*Asks:* 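A single structure is presented below for examination.
Predicted, not measured: the structure shown is a model, and the values here were computed from it. We number each residue from 1, following the sequence as shown.
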Amino acid sequence: RQTKPEFMAITQREVEGWMEHFEKMDTEAIGAVTSTQVLDYLGFRQTKFMHAAFLLLGEPHDGSRMDFGETVKCIGQFCFFGKDELLHFAYSIFDNDDNGWISHEEFLLLLSDLHSSTNRGRTTRALREIDLLDDGKLEYHEFLTVNRRFPNLFYPLFESQGLMRQKFFGTRHWIRKLAKYQKIKAELREERKNNTDKMEAAVAWGERRREVRNERLRKKRLAAQNTQSILKRSILSAQIYALSWAAKHDKKEKQKAGKINKNLMK
């Protein structure tokens, strides 16, 4: 459940814009706001889902209010979600223990909360076609299947994000930021792949070098056993020692390379 605050770096102009919004939300002028005040400012319904969303995004769990930074973080993260991330975020609100499923009862509560009481006709018709058992479980891939079959079920979720984006700097602002993030992420992925390929090539070269050295070491030891010359045996012993030392050094380098490769794969 990671977010992308490092790609949400804001300019001085944006800080001033955020501060202007914050002062309007802070109706009591105390330098802190609640999620209720944020939702009122946006003109949103006070739903359990949106309050739970703010808690998951960073609103203090002890009941205290959000300061300026926490408010910007919560709103910014919600606006910055892509479509798939927003769906996963909605699912994770009910999958609190991260066990990979939610109950059908929780799913129905989510839908009831997303849709106002005066706009549940489509929801009711869709639910008649979905096989929901009172004691059943809904895994994430099933959750996505439901969304593909009945996209209107989660329309209020995307509508809320769209309205929030419009209120804070406009939709194009967030689309540009998201595009920048996708570009940076692709570049990082390519860089990681290139580093991994180079490391794998280096490891393969090291393996071939060790195989050649081990074969030379085997032949030197065999020659030392069979020779009758004391001088030749002394020379072979020196060569065997050098090859053995190099093999021991290579083992340490291999372990070091393994740690580096493991870090690159993270």
Side-chain angles (χ1 to χ4, degrees), residues 1-5 21 25 33-66 70-128 130 132-134 136-168 171 174 178:
R1 297 177 183 174
Q2 295 185 357
T3 56
K4 305 177 268 293
H21 284 295
M25 290 184 282
V33 299
T34 65
S35 55
T36 298
Q37 288 174 301
V38 176
L39 296 176
D40 282 342
Y41 178 68
L42 289 165
F44 287 4
R45 289 186 302 116
Q46 299 289 337
T47 63
K48 294 179 180 177
F49 172 82
M50 289 305 301
H51 286 292
F54 272 88
L55 283 172
L56 194 59
L57 289 170
E59 183 178 17
H61 286 256
D62 59 4
S64 59
R65 302 184 180 216
M66 296 180 288
E70 290 168 335
T71 304
V72 172
K73 177 185 176 184
C74 288
I75 297 172
Q77 288 181 82
F78 191 79
C79 289
F80 207 56
F81 284 136
K83 179 180 178 180
D84 293 339
E85 292 170 318
L86 189 55
L87 281 171
H88 192 275
F89 175 73
Y91 185 85
S92 66
I93 285 178
F94 286 95
D95 184 18
N96 288 323
D97 45 5
D98 201 24
N99 56 17
W101 59 268
I102 61 175
S103 70
H104 286 167
E105 181 181 0
E106 290 171 330
F107 178 63
L108 294 176
L109 288 174
L110 167 62
L111 294 179
S112 297
D113 201 44
L114 286 178
H115 295 266
S116 63
S117 58
T118 58
N119 189 30
R120 292 181 183 169
R122 291 180 179 178
T123 305
T124 302
R125 288 194 295 274
L127 291 177
R128 290 172 183 165
I130 303 174
L132 294 178
L133 303 176
D134 292 339
K137 298 177 180 179
L138 189 73
E139 296 184 359
Y140 185 60
H141 68 90
E142 296 171 317
F143 180 81
L144 294 179
T145 299
V146 171
N147 175 63
R148 285 192 293 269
R149 289 181 60 194
F150 309 100
N152 285 330
L153 290 180
F154 302 104
Y155 173 74
L157 180 65
F158 298 102
E159 182 184 38
S160 298
Q161 186 192 54
L163 292 173
M164 193 177 292
R165 284 176 169 179
Q166 290 175 24
K167 186 76 170 182
F168 298 98
T171 303
W174 295 103
L178 189 58

*Asks:* Verify, without hydrogens or angle tests, whether H51 (side chain) and Q46 (backbone) share a donor-acceptor contact under 3.5 angstrom.
*Replies:* no
*Asks:* Suppose we screen for side-chain contact (heavy atoms from CB on, under 4.5 Å). Which residues come up paired with S64, at least two apart in sequence or across chains?
*Replies:* P60, D62
*Asks:* Please find the pair of heavy atoms, one from C79 and one from Q161, that lie closest to each other, and give the distance.
*Replies:* O-NE2, 3.7 Å
*Asks:* List the residues meeting ring pair (Phe, Tyr, Trp, His ring centres under 6.0 Å) with Y41, not counting sequence neighbours, and say none if there are none.
*Replies:* H21
*Asks:* Run the ring pair (Phe, Tyr, Trp, His ring centres under 6.0 Å) test against F89 and tell me which residues pass, sequence neighbours left out.
*Replies:* F81
*Asks:* With R65, which residues qualify under salt bridge (Lys or Arg N to Asp or Glu O under 4.0 Å), at least two apart?
*Replies:* E28
*Asks:* So, does T34 use its side chain to make a donor-acceptor pair with the main chain of Q37 at under 3.5 Å?
*Replies:* yes
*Asks:* Do you know which two heavy atoms are closest between A90 and L157, and how far apart they sit?
*Replies:* CB-CD2, 3.7 Å
*Asks:* Would you please test L163 and L42 for side chain to side chain contact (heavy atoms under 4.5 Å, CB included) and show each step?
*Replies:* CA-CA 8 Å; L163 292 173; L42 289 165; over 6 Å; no
*Asks:* When rounded to the nearest 0.5 angstrom, what distance separates CZ in F94 from CZ in F49?
*Replies:* 7.5 Å
*Asks:* Apply ring pair (Phe, Tyr, Trp, His ring centres under 6.0 Å) to Y91 and list each qualifying residue two or more places apart in sequence or on a separate chain.
*Replies:* Y140, F143
*Asks:* Does W174 use its side chain to pair, donor to acceptor, with the backbone of F168 at less than 3.5 Å?
*Replies:* yes
*Asks:* Name the residue from E142, R149, R148 that meets the side chain to side chain donor-acceptor pair (under 3.5 Å) definition with T145.
*Replies:* R148
*Asks:* Give the C-alpha distance, both sets of side-chain angles, the deciding distance and a yes or no for side chain to side chain contact (heavy atoms under 4.5 Å, CB included) between L110 and F154.
*Replies:* CA-CA 10 Å; L110 167 62; F154 302 104; 4.3 Å; yes
*Asks:* When rounded to the nearest 0.5 angstrom, what is the spacing between CG in L109 and OG in S103?
*Replies:* 7.5 Å
*Asks:* Looking only at non-hydrogen atoms, find the nearest pair between M164 and I75 and report the distance.
*Replies:* SD-CG2, 3.8 Å
*Asks:* Mind listing the closest non-hydrogen atom pair of L114 and L153 along with its distance?
*Replies:* CD1-O, 4.2 Å
*Asks:* Rounded at 0.5 Å granularity, tell me how far OG1 in T171 sits from CG in L178.
*Replies:* 12.0 Å
*Asks:* Tell me, please, which residues at least two apart from E139 pass side chain to side chain donor-acceptor pair (under 3.5 Å).
*Replies:* H141
*Asks:* Taking all non-hydrogen atoms of both residues into account, name the closest pair between H61 and L55 and its distance.
*Replies:* NE2-O, 3.3 Å
*Asks:* Heavy-atom count around F158 CZ within 6.0 Å, excluding the residue itself: above 12?
*Replies:* yes
*Asks:* Grab the two heavy atoms, one from F44 and one from S160, that are nearest each other, plus how far apart they are.
*Replies:* CZ-O, 3.4 Å
*Asks:* Between M25 and M66, is the side chain to side chain contact (heavy atoms under 4.5 Å, CB included) condition met? List the steps.
*Replies:* CA-CA 11 Å; M25 290 184 282; M66 296 180 288; over 6 Å; no
*Asks:* Taking D113's backbone N and O only, do any of them form a donor-acceptor pair with R45's side chain (distance below 3.5 Å, no angle check)?
*Replies:* yes
